[in-house]
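Side-chain atoms are counted along with the backbone in the values below, which use heavy atoms only and exclude waters and symmetry mates.
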Amino acid sequence: MKKLNCSIESVEKLNHDVYQVKLLMPESSSQSVEYFAGQYLDLFLADGRSASFSIGSSPEAGAHLELHIRHNPSSEISNALLEHLLAKNDIEVELGKGDAYIQAQQLSAQSTVILAAASTGFSQVKSVVEHLLAQDVQNQIHIYWGVRVASDLYWSLLPEQWAEQHANVTFHPVISDPTEACEWAGRGDLLPAAILQDFSDFNTVKMLASGSPAMVYALLDACESKGMQESQLLSDVLAYAPRNR
């Protein structure tokens, strides 16, 4: 891991509260700094406060880094971070962090990849998918994106495009609260239930989950009830919010 001073290339809204942030690593460091698809980074403010975000770009993007940041107006650090990103030209970054990543060359040809994301956890999934596609992986890739209402699917056109262009990619958007106001005609369920509806055999599954501890552990428990082993699940939650068995 290494700290870098990255240029802020752009900050754009993807929906009502999620921002796409594009950073550029310094030229002197872009060749020496390595991260894997699925890892995260820390952003540092001048006063030393920091926040962690999944890297939404794949290693194949080179010096370009992408983040998906949800703004929480009631959070002091969220407000300060967004203010910095919108007003400043650069920001201090430390990457790559976390053990929840997938490398194409280490993926068994028989593995089915299930990527389960809640909310902005999609950014971690995006990094993995773009890496696997760039490496021409032919494994079946199932993308589950669970949100509360349809407007939280802030970039659904992208996984839809992946599925249209690649026969081995399937996109499963799942809405947990599909009210009439939501205007959603698709699948209404919780992520664990949706995955169990689609899969009964987890013997060859490699799963990555990105979301809250409650979601990740509910998913793990559901899949373990069908024979999946915890070792088959990759999630940063297992490291920062371990639970006692």
Side-chain angles (χ1 to χ4, degrees), residues 14-18 38 40 52-54 56 68-72 74 98 100-102 111-129 140-160 162-163 169-245:
L14 292 175
N15 74 347
H16 60 283
D17 63 354
V18 176
Y40 65 92
S52 301
F53 299 95
S54 293
H68 299 172
I69 297 178
R70 166 164 277 118
H71 177 223
N72 179 3
S74 63
Y101 59 82
I102 293 179
S111 294
T112 296
V113 179
I114 298 178
L115 305 172
S119 188
T120 51
F122 174 70
S123 59
Q124 185 177 21
V125 165
K126 177 179 178 290
S127 174
V128 172
V129 173
Q140 289 298 310
I141 302 170
H142 290 266
I143 303 164
Y144 287 83
W145 191 0
V147 295
R148 190 178 63 83
V149 294
S151 61
D152 290 333
L153 292 170
Y154 55 82
W155 203 352
S156 58
L157 290 178
L158 182 59
E160 288 171 1
W162 291 332
V169 177
T170 306
F171 175 45
H172 309 267
V174 184
I175 307 300
S176 65
D177 187 20
T179 61
E180 289 185 12
C182 181
E183 297 183 352
W184 176 250
R187 195 170 191 172
D189 217 329
L190 298 176
L191 270 181
I195 292 174
L196 287 195
Q197 287 172 10
D198 297 345
F199 290 88
S200 58
D201 184 355
F202 289 88
N203 285 335
T204 61
V205 163
K206 190 167 189 76
M207 183 180 295
L208 182 144
S210 185
S212 68
M215 185 281 278
V216 170
Y217 284 121
L219 177 59
L220 175 59
D221 290 341
C223 294
E224 282 186 325
S225 73
K226 298 296 182 180
M228 194 180 87
Q229 303 298 310
E230 183 174 322
S231 59
Q232 294 173 255
L233 175 70
L234 298 168
S235 179
D236 292 313
V237 165
L238 302 180
Y240 77 77
R243 65 177 180 179
N244 295 321
R245 286 287 188 172

[atom1] of [X] to [atom2] of [Y]: how many Å apart, nearest 0.5 Å?
{"X": "L190", "Y": "D177", "atom1": "CG", "atom2": "CG", "result": "10.0 Å"}
{"X": "E224", "Y": "Q229", "atom1": "CD", "atom2": "CD", "result": "7.0 Å"}
{"X": "W162", "Y": "I141", "atom1": "CH2", "atom2": "CD1", "result": "9.5 Å"}
{"X": "L14", "Y": "I69", "atom1": "CG", "atom2": "CD1", "result": "10.5 Å"}
{"X": "E230", "Y": "D221", "atom1": "CD", "atom2": "CG", "result": "9.5 Å"}
{"X": "N203", "Y": "S111", "atom1": "CG", "atom2": "OG", "result": "11.0 Å"}

[Y] side chain reached by [X] side chain, heavy atoms, under 4.5 Å:
{"X": "L233", "Y": "V216", "value": "yes"}
{"X": "M207", "Y": "Y144", "value": "no"}
{"X": "L238", "Y": "Y217", "value": "yes"}
{"X": "L220", "Y": "M228", "value": "yes"}
{"X": "P159", "Y": "F122", "value": "yes"}
{"X": "F202", "Y": "I195", "value": "yes"}
{"X": "D17", "Y": "N15", "value": "yes"}
{"X": "W155", "Y": "V18", "value": "no"}

Can you give me the closest heavy-atom contact between [X] and [Y], atom names plus distance?
{"X": "S123", "Y": "S54", "result": "OG-CB, 3.4 Å"}
{"X": "P192", "Y": "A222", "result": "CB-CB, 4.0 Å"}
{"X": "F171", "Y": "P173", "result": "O-CD, 3.5 Å"}
{"X": "L219", "Y": "A116", "result": "CD2-CB, 3.8 Å"}
{"X": "M215", "Y": "S210", "result": "CE-O, 3.5 Å"}
{"X": "S156", "Y": "W145", "result": "N-CZ3, 3.9 Å"}

ask   = So among T120, D152, L191, which one has a side-chain contact (heavy atoms from CB on, under 4.5 Å) with V147?
value =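 Checked T120, D152, L191 against V147; only one passes side-chain contact (heavy atoms from CB on, under 4.5 Å): D152.
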
query = In terms of the angle between their ring planes, are H142 and H172 parallel, tilted or perpendicular, with boundaries placed at 30° and 60°?
reply =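 Ring orientation of H142 relative to H172: parallel.
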
task = Say whether, by atom type as modelled, one donor and one acceptor occur between the side chain of Q124 and the main chain of A100 under 3.5 angstrom.
result =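 Yes.
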
task = Take V129 and L158 through the side chain to side chain contact (heavy atoms under 4.5 Å, CB included) test and state the conclusion after the steps.
result = CA-CA 11 Å; V129 173; L158 182 59; over 6 Å; no

